[in-house]
Amino acid sequence: MAAYIIRRTLMSIPILLGITILSFVIMKAAPGDPMTLMMDPKISQADREQFIEKYGLNDPQYVQYLKWLGNMVQGDFGTSIVRKGTPVSELIMARLPNTLLLMLVSTILALMISIPFGVLSAKRPYSKIDYGITFTSFIGLAIPNFWFGLILIMVLSVNLGWFPTGGVETLNTEFNIFDRIHHLILPAFVLATADMAGLTRYTRSNMLDVLNQDYIRTARAKGFKENRVLFKHGLRNALLPVITIFGLMIPSFIGGSVVVEQIFTWPGLGKLFVDSAFQRDYPVIMAMTVISAVLVVVGNLIADILYAIVDPRIEY
Amino acid sequence: MSELQTTPSPEIRLKENISKKPETMTKIFWEKFSKNKLAILGAVILFIIIMSAVFAPLIAPYPQEQQSLLDKYKAPGLEHLMGTDKFGRDIFSRILYGARVSLLVGFASVVGSILIGTVLGALAGYFRGIVDAVIMRVVDIVLSIPDIFLLITLVTIFKPGVDKLILIFCLTGWTTTARLVRGEFLSLRSREYVLAAKTIGTKTHKIIFSHILPNALGPIIVSATLKVGSVILAESALSYLGFGIQPPIASWGNMLQDAQNFTVMIQAWWYPLFPGLFILMTVLCFNFVGDGLRDALDPKNIK
């Protein structure tokens, strides 16, 4: 097991390096090297040369890349062009808690809703309930999340006034846990939509497979209550592969947060990314791209390792 | 047990079939596909949407950019089927023109990324070894960056426009196809007919493209269909955020850009509603057709 974990971890290192190389190449392909954008066009020739010297813009490309990579590994992502002098890492750390909170709550919401519905669907396949749930999840997979968010805001927030239209808390008030939850519900639900639909379908098909197994028939033959058979014997085994799927869902959560944070003016990483992209703030854009990719790689790594730990049938 | 007794053995069934006219693949496919009601419904609706997009100038009651400030925020009615927006433009007409952009980006991007993905995936799966390792690592790397980050970063560099957008979707979209095709090639490359072709000295490119590829087409077609839907979703999200198709050209995504506005939300519910409904319906139909194709093209799925 230890050997597998080490091997699997080592395997992700070339991918991480590849991500940084790709990001560097994209940054260099930008018209008007973003590095030169950081310079004030009015500065004198001498200052310009000093600047170029300072940031090593005359170095060969690979030296520049290695320097950039070296700084990044140490947590230094450079400074923002637009917000003069603010380190990118500071901007990111300020927004990170909001995004993590949103993703955590969405994840819990997705699991809490999709698993019971998936089981319900599999309990009586091809019944009316099953068709209803399947059709709803089809819609969940096809609905544009920004539009779903807009419609929810229009109906529930603006016209009915049940929810706030955006933000993390009511402005100019003290910290209030209920107020925070109130602000979280809509964005977390919208962020969870697509994955909720996917997970429901996934739980359903896994449950259907598991319910055909011999040990389920044995459990039923022993006279166990149906719910016990479903949840204790069935669901436990059906949920194993969900861990892997969860690893695959991380990119959609991170990607989804970009759109959802924009709709609900949620001050997190996604909104920072969109704002920076509008302002062509390349250091922030590149840092965010690399970080999002690293999160995906690490997420997949954790999912793979967890799966190996949880499923005793797999040998390494 | 009872199954064994009731179904005739393969030999008997084979004998029965010899006397009949052999069923063509197309016929088998069509029989299975036409039984799937949702897939048929999806195909019909898509056909209508595509036709209305193609003939938009003939169908649209108003030019897409015709503004009329007197008519702004008109509710849906006989004059304006789906109401008007803040410039008094007819939303129904703009949806028809927007369909042209959204569908064009969807189809063109998918054709491009399927071509790139198929060729690279075929090379990786057929030659294996170093070619495979290099191509697949690139796939891993591109797939690690969440789509929307890669798309927005590329858009900030290339400057948006329909052609650039298609190019960007091709650059990001080929990876999943490459993975899929590689998998197919890995299992097909050791089949007898490939061996036979090799033995008689068939050229390698011919083996790849005329012997193996036709047998891998099923899964490629299915994934292409599902991909059109996901590209349309991604394009609309990008355009909504302001990175995709730029106004005044209408696209389903950028029509929603102005809709996030409290005045609009209180006075003009139709404005955010209709463009989104069209995105939802189109993507839903592509998914239905894709699922139907998957069932119909799967050789394991015997009637």
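Every chain is numbered from 1 and lettered A, B, ... according to where its sequence line falls, protein lines coming before strand lines.
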Please identify, among [options], the residue contributing the most non-hydrogen atom pairs under 4.5 Å to chain A.
options: B/Asn287, B/Ile279, B/Leu256; answer: B/Leu256
options: B/Phe288, B/Trp269, B/Phe286; answer: B/Phe288
options: B/Asp140, B/Asp147, B/Leu273, B/Val138; answer: B/Leu273

Minimum heavy-atom separation for A/Ile254 and B/Pro146, please, with both atom names.
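That closest heavy-atom pairing would be CG2-CG, 4.1 Å.
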Working to the nearest 0.5 angstrom, can you tell me the gap between [X] [atom1] and [Y] [atom2]?
X: A/Met27; Y: B/Thr153; atom1: CE; atom2: OG1; answer: 11.0 Å
X: B/Tyr271; Y: A/Leu150; atom1: OH; atom2: CG; answer: 11.0 Å
X: B/Leu150; Y: A/Ile26; atom1: CG; atom2: CD1; answer: 5.5 Å
X: B/Thr156; Y: A/Gln279; atom1: OG1; atom2: CD; answer: 12.5 Å
X: A/Thr289; Y: B/Ile148; atom1: OG1; atom2: CD1; answer: 11.5 Å

Using a 6.0 Å cut-off, check whether atom [atom1] of [X] has over 12 heavy atoms from anything other than its own residue.
X: A/Ile129; atom1: CD1; value: no
X: B/Ile130; atom1: CD1; value: no
X: B/Ile249; atom1: CD1; value: no
X: A/Phe278; atom1: CZ; value: yes

Which one, [options], leads in non-hydrogen pairs under 4.5 Å with chain B?
options: A/Ser252, A/Gly18, A/Ala277, A/Ser292; answer: A/Ser292
options: A/Pro144, A/Gly255, A/Pro251; answer: A/Pro144
options: A/Val258, A/Ile21, A/Val259; answer: A/Val258
options: A/Ile263, A/Leu295, A/Val294; answer: A/Ile263

Can you tell me which portion of [X] sits under 4.5 Å from chain B's heavy atoms? Options are side chain, backbone, both or neither.
X: A/Met286; answer: side chain
X: A/Val274; answer: both
X: A/Phe135; answer: side chain
X: A/Phe273; answer: side chain
X: A/Ile139; answer: both
X: A/Phe148; answer: neither
X: A/Ile151; answer: side chain
X: A/Leu22; answer: side chain

Does any heavy atom of chain A fall under 4.5 Å from the side chain of B/Trp252, the backbone, both, or neither of them?
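For B/Trp252, there is no contact with chain A at all, as no heavy atom is under 4.5 Å.
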Proximity breakdown for B/Leu151 and chain A, heavy-atom pairs closer than 4.5 Å
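Interface part for B/Leu151: neither.
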Any side-chain heavy atom of A/Trp147 sitting closer than 4.5 Å to one from B/Leu277?
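A/Trp147 vs B/Leu277: side chains touch.
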Report, by ascending residue number, the residues of residues 229-241 of chain B in heavy-atom contact with chain A at a distance under 4.5 Å; give 'none' if the set is empty.
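When heavy atoms of chain A are the reference, residues 229-241 of chain B contributes B/Leu233, B/Ser236, B/Ala237, B/Tyr240, B/Leu241 within the under-4.5 Å range.
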